[in-house]
Novice: 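I'd like to ask you about the structure that follows.
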Amino acid sequence: MSTPAARTLDMTRHPSWRRRRLDPDHSLGLRLTLAATAAFLVLVPFSLLALLVLGAWAPLHRLDTAITDALHAHAVDHPAWVTLMHVWSAVFGPLPLRVAALLVVIWLLRRQARRLALWVTTTMVVGGLMGPLLKLLVGRDRPELLDPVARAAGYSFPSGHALNATLAAGVLLLVFLPYVGGWASRVTLWVAALLLTVVTGLSRVALGVHFASDVLGGWLLGVAVVAATTAAFTSWRAHTGLRPVRPAHDGVAPEVERHPDAT
């Protein structure tokens, strides 16, 4: 029969799963736990929104319809605005953003930053595959408007433009943060990332090819994917002995800027 002292000693040598997950001395376990928690918390509002869309919740439908009708009325009376939204939506569409991400991957590989290039690829591919899959699962039709100013094929939820803009903005932001110095430059980079994400999503609603909740769903899903892959990458850093980073401030791999073959 074991004594209390023996049980305490055994717990010290072989801590429980919960203690290992929350112990600051076990940094990898702690970071993975926090990463999973963060990803879950971001996915919760997306899941709730998806359920409301699937259930055709009347208040959400009325809100979506009101926003769509108001923006469509504005678009019909302002052709220049429609042209601007068309151009923005095309320039920052999924394909151009994926090409930009591919160029970043090639540039990182030339700098011998293979793991960082893998992170960029994984983030864009995982998010890019989840979008079409969820469109098929939800099966929401696009807005039906008299005298539409734009057309788009396929299902509506979540918005692929909003999703891919969020993925690309997150990837570019976290890769290039180490290359800017000073708070003003960091703020400028953050503003550019937010502008890319927000305006791209809003352009789809303005053109009447998505409901506002489609765009919100794309944003939430994109943030969840970036948060999950970033957490996994920073956990790997801790496991390999690299110094901890604050991704929102330092980027995901600040040492690459100084030592191209560091990761």
Side-chain angles (χ1 to χ4, degrees), residues 31-50 92-105 107-108 113-135 157-180 186-202 204 214-238 242 244-254 256 263:
R31 288 173 180 272
L32 286 174
T33 301
L34 294 176
T37 301
F40 174 77
L41 291 176
V42 176
L43 281 173
V44 165
F46 173 81
S47 301
L48 291 175
L49 181 61
F92 298 106
L95 182 57
L97 292 177
R98 288 167 185 162
V99 171
L102 177 60
L103 294 176
V104 171
V105 168
W107 175 70
L108 290 172
R114 291 180 292 274
R115 291 186 183 272
L116 186 55
L118 178 61
W119 171 75
V120 173
T121 303
T122 301
T123 302
M124 295 299 297
V125 170
V126 169
L129 291 176
M130 290 181 70
L133 176 61
L134 287 167
K135 282 179 181 286
F157 182 90
S159 165
H161 277 70
L163 169 60
N164 283 277
T166 306
L167 296 173
V171 161
L172 296 175
L173 175 70
L174 296 179
V175 167
F176 290 108
L177 268 176
Y179 294 85
V180 298
R186 293 179 187 276
V187 169
T188 300
L189 193 58
W190 266 100
V191 169
L194 290 173
L195 188 67
L196 167 62
T197 304
V198 172
V199 177
T200 302
L202 293 181
R204 306 303 287 168
D214 299 332
V215 169
L216 179 59
W219 288 338
L220 290 172
L221 182 59
V223 169
V225 172
V226 173
T229 60
T230 300
F233 188 82
T234 53
S235 296
W236 165 82
R237 289 175 54 86
L242 292 171
V245 295
R246 295 171 295 168
H249 182 269
D250 306 319
V252 289
V256 171
T263 185

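Residue numbers count from 1 along this sequence.
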Novice: Please report the closest heavy-atom contact between Gly170 and Trp119, naming both atoms and the distance.
Specialist: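 Heavy atoms only, the tightest pair is O-CH2, 4.4 Å.
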Novice: Quick check for you: to the nearest 0.5 Å, what is the distance between Leu129 atom CG and Met124 atom CE?
Specialist: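 Here the interatomic distance stands at 11.0 Å.
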Novice: Please name the pair of heavy atoms, one in Gly127 and one in Leu163, separated by the smallest distance, quoted to 0.1 Å.
Specialist: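 Looks like O-CD2, 3.3 Å.
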Novice: Nearest 0.5 Å please: distance from the CG atom of Leu167 over to the CG atom of Leu172.
Specialist: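 Those atoms lie 10.5 Å apart.
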Novice: For the residue pair Thr197 and Trp219, confirm or rule out a side-chain donor-acceptor distance under 3.5 Å.
Specialist: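 There is no such pair between these side chains.
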Novice: Checking side-chain contact (heavy atoms from CB on, under 4.5 Å) for the pair Leu134/Phe157: CA distance, chi angles, key distance, verdict?
Specialist: CA-CA 7 Å; Leu134 287 167; Phe157 182 90; 5.8 Å; no
Novice: Determine the minimum heavy-atom distance between Pro158 and Gly217, stating which atoms define it.
Specialist: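 Smallest interatomic distance, heavy atoms only, reads CB-C, 3.9 Å.
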Novice: Check Pro132 against Gly128 and note the closest heavy-atom contact, atom names and distance.
Specialist: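 That would be CD-O, 2.8 Å.
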Novice: State the CG-CZ distance between Leu221 and Phe46, to the nearest 0.5 angstrom.
Specialist: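 Going from the CG atom of Leu221 to the CZ atom of Phe46 covers 4.5 Å.
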Novice: Does the side chain of Phe233 come within less than 4.5 Å of Leu174's, by heavy atoms?
Specialist: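 Side-chain contact under 4.5 Å: no.
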Novice: What is the minimum heavy-atom distance between Ala169 and Ala193, and which atoms define it?
Specialist: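 Looks like CB-O, 3.6 Å.
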Novice: Please report the interatomic distance CG(Asn164) to CG(Leu95), rounded to the nearest 0.5 Å.
Specialist: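 Between atom CG of Asn164 and atom CG of Leu95 there are 10.0 Å.
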Novice: In Å, rounded to the nearest 0.5 Å, how long is the span from CG of Leu108 to CG of Leu118?
Specialist: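 Nearest 0.5 Å value for the CG-CG distance: 11.0 Å.
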Novice: Mind running side-chain contact (heavy atoms from CB on, under 4.5 Å) on Arg204 and Asp214 for me, showing each step along the way?
Specialist: CA-CA 9 Å; Arg204 306 303 287 168; Asp214 299 332; over 6 Å; no
Novice: Between Trp107 and Phe176, does the ring centre distance come in under 6.0 Å?
Specialist: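 Close enough - the centres of the two rings lie under 6.0 Å apart.
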Novice: Any chance you could measure Leu220, atom CG, to Leu49, atom CG, to the nearest 0.5 Å?
Specialist: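 So the gap between those two atoms works out to 6.5 Å.
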Novice: For Thr230 and Ala227, indicate whether the former's side chain and the latter's backbone hold a donor-acceptor pair under 3.5 Å.
Specialist: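 Pair absent, no side-chain N/O of Thr230 close to backbone of Ala227.
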Novice: Measure across Val223 and Thr166 and return the closest heavy-atom pair with its distance rounded to 0.1 Å.
Specialist: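 Taking every non-hydrogen atom into account, N-CG2, 3.6 Å.
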